[in-house]
Amino acid sequence: MVITIVKANKYQLADSFQKTREMEQKIQVLALFDKSKKIVKKLPQEIINTAPIRKYVDVLFLDENDEINIVEFQTGGIKTKDLKRFMVYNALIAEKHNEKINVIIVYTEKVKTVCYKNGTLIFKPIVYSLKDFDGDKILKRIRYKIENNITLTRDDLNKLEFLPLFKSRLKPGEILFETANLTNQLMDISQSQIDHIKTGQVILANWFFHDELDKKKIWKVIEMKTSMFRFIYDELEARGLEEGMKKGFERGIEQGIEQGMEKGIEKGMEKGIEQGMEKGIEKGMEEGILKGELKSKKEVARKMLSLNYSMDEIINITGLTKKEINKL
């Protein structure tokens, strides 16, 4: 899995979070449909390595019954070309393994039984649809529990994250605002659990919001009660200042003051503004960026280590060295 840090703005940077969490999130969503299935071993996603063609599945794992499970996630409806592709995955894996193979397709849209037939060839995968869940009913139950200080179950927390994808009278973006606010009200779960839910909400925010103003609003809600994204904001502020200076010294100073005051460089700016705007930006970056960046990066690295991410993935997303990560 290749992780790319997006340089343009903080909303685009959520794409890198999506890449680092998508494997975990795709496995997590299976628990909504089949709580009995336990993963005992994750298998490589790459199922063929014959140059120059490589084929990858979304998720591939061996369960407690020694059955191989291919899991694919589809954001649209049923397409014949996709069924053919999944059927090829099944055949390629069957050629290399003797275990029973299950092909599971999770759709974000409402679908019925899926079956592809071509002569004597019949392909009938296991199909789940997130629209089978009554989102309004689940949201009402979770809201009631939170407002009455009733502990949420693991299943409740799982559904809280995926609620915007369930069937509802409301728009997905409206539900995301609701679930993000409810997450901020959780009192009896650990910070790591809150951060886990919020990273999933970041992914959904990128799906549902395209207007910059709407993105700013949902990010302000999601970033409450978590320091997980702090180092990213700091890094992006520095990049924003640099880009501003390239476009013009005066414009760069104005952007530096604006972003610095908003994102933690206030102390540095207050001390430096008396000596000139340039000195203010320098102080702001020293005190607003350097203090929090290393600590926040280490927090994220510890989280990723606990989720068994590779060393390369952790280095790419945090910017820490291998030596610094090994000391955690």
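Heavy atoms only: backbone and side chains are in, while hydrogens, waters and symmetry mates are out.
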**OP:** Scan residues 121-136 for pairs that pass salt bridge (Lys or Arg N to Asp or Glu O under 4.0 Å), counting only residues two or more places apart or in two chains.
**Re:**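 Listed by first then second residue: Lys110-Asp132, Asp136-Arg169.
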Original post:
Taking only residues at least two apart or on different chains, which pairs with a member in residues 79-90 satisfy salt bridge (Lys or Arg N to Asp or Glu O under 4.0 Å)?
Top reply: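 Only Asp82-Arg85 qualify under salt bridge (Lys or Arg N to Asp or Glu O under 4.0 Å).
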Residues which pass ring-ring contact (aromatic ring centres under 6.0 Å, His included) with [X], listed by chain and number, not counting sequence neighbours:
| X | value |
| --- | --- |
| Tyr107 | none |
| Phe86 | none |
| Phe166 | Phe133 |

**OP:** Please list, chain by chain and in numerical order, all residues satisfying side-chain contact (heavy atoms from CB on, under 4.5 Å) with Thr151, sequence neighbours excluded.
**Re:**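 Only Asp188 meet the side-chain contact (heavy atoms from CB on, under 4.5 Å) criterion with Thr151.
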Subject >> Partners meeting side-chain contact (heavy atoms from CB on, under 4.5 Å) with Ile315 (sequence neighbours left out) >> reply: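 Partners of Ile315 by the side-chain contact (heavy atoms from CB on, under 4.5 Å) criterion, ordered by chain and then number, come out as Met311, Lys322, Ile325.
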Original post:
Are Asn181 and Gln185 close enough that a side-chain donor and a side-chain acceptor fall under 3.5 Å?
Top reply: no
Subject >> Polar contact flag, side-chain donor to acceptor under 3.5 angstrom, Glu161-Thr179 >> reply: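 Not at all, the side chains of Glu161 and Thr179 share no donor-acceptor pair under 3.5 Å.
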**OP:** Return the set of residues passing salt bridge (charged side-chain N to carboxylate O under 4.0 Å, His left out) with Arg143 (not counting sequence neighbours), or none when no residue passes.
**Re:**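 Here the qualifying residues are Glu178.
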Would you please name every residue forming a side chain to side chain donor-acceptor pair (under 3.5 Å) with [X], sequence neighbours left out?
| X | answer |
| --- | --- |
| Glu174 | none |
| Ser190 | Ser192, Gln193 |
| Asn326 | none |

**OP:** Could you list who else is in Tyr144's hydrophobic cluster, with ILVMFWY side chains joined at under 4.5 Å, directly or through other members?
**Re:** Ile150
Original post:
In this structure, which one of Ile105, Leu32, Asp34, Val111 forms a side chain to side chain contact (heavy atoms under 4.5 Å, CB included) with Tyr128?
Top reply: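 Testing each of Ile105, Leu32, Asp34, Val111 against Tyr128, the sole residue satisfying side chain to side chain contact (heavy atoms under 4.5 Å, CB included) is Asp34.
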Original post:
If you measure from CD1 on Ile93 to CD1 on Ile101, what distance do you get to the nearest 0.5 Å?
Top reply: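 Separation between the atoms: 5.5 Å.
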Original post:
Rounded to the nearest 0.5 Å, what separation is found between the NE2 atom of His196 and the OG1 atom of Thr183?
Top reply: 11.5 Å
Subject >> Ion pair Lys215/Asp211, N-O distance below 4.0 Å >> reply: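 No salt bridge links Lys215 with Asp211.
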Original post:
Below 4.5 Å, heavy atoms only, C-beta onward: do Leu60 and Val71 meet side chain to side chain?
Top reply: no
